[in-house]
Amino acid sequence: MVMCSQVFAQNARPTGVYWDGTIIDSVPLPLHGCGYKHLNEQYMEWHGLTQDWVKIWGTDPLISMIQNAAADIRRRYPGCDRLQVEDLSAENGGDVDGHKSHENGLDVDLGFYREDCIEHDPVATNEPYAPSMVVNGQTSSNFDLERNWELMKALHRYGDVARIFIDQTLKNSLCEYAKARGEYNDNREVLRSLRHVTNHADHIHVRLNCPENATNCTNQGALTGGTGCP
Ligand SMILES: [Zn+2]
């Protein structure tokens, strides 16, 4: 049985900046836990790769945010697909193939919750990542608005989120959903943190602020402007 336990603070220290940094005493995210699984786990077994290959390393605030947010959504929506976790950082940080950042243990890529509740299977589909949630310029009917909106709020509840990179089409749908639910005004900061970046229609990229005690860690400039909703 997997316990929904919290991770207590250790001493992982992010240094430098997101795109040029390292991690001292990094912490691994267990490959699966309550309400989530690492998407590359099956791939790893299939190819006989070791854990070093999978970028599962981060800092305590990042690991605990992922575990707490996934467990929270799972408790409220049991029985559907789990949160799909993709790359965090390499064991000691630094360059990660296929990413400009993910260097100092404060970045993670996460998949979207799906209406059909089917978890992406990288081996069966021979596709490392889940399909895009933007189809013909529109948000896919398989994009689970309710749970993905709850996920955005949960990430902010459990982490000191600096930015969440996401395709604008999906952001617009979340804005509309928040307004329809009467949750727009109370969640302006959540919506403001959602920033359009191309190639983020099949996953989000969550970036945390430097923890207060991480004196050698450099934050990205503060966000300015409004919610960025239409
Ligand atoms: Zn990323």
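We count ligands from 1, going down the list as the structure has it; atoms in each ligand are counted the same way. Only this structure's heavy atoms are used, side chains among them; waters, hydrogens and symmetry mates stay out.
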Do any N/O/S atoms of H102 come under 2.8 Å of the Zn ion (ligand 1)?
yes
Ring centre gap for H205 and H99 strictly below 6.0 Å
no
The Zn ion (ligand 1) is nearest to which N, O or S atom of H205?
ND1
Give a yes or no on whether the backbone of I23 and the side-chain of S26 come within a donor-acceptor separation of less than 3.5 Å.
no
Work out which heavy atom in A69 is nearest to a heavy atom in L155; give both atom names and the distance.
CB-CD2, 4.0 Å
Under 2.8 Å from the Zn ion (ligand 1), can any N, O or S atom of D109 be found?
yes
Determine whether the side chains of T227 and Y184 contain a donor N or O and an acceptor N or O closer than 3.5 Å.
yes
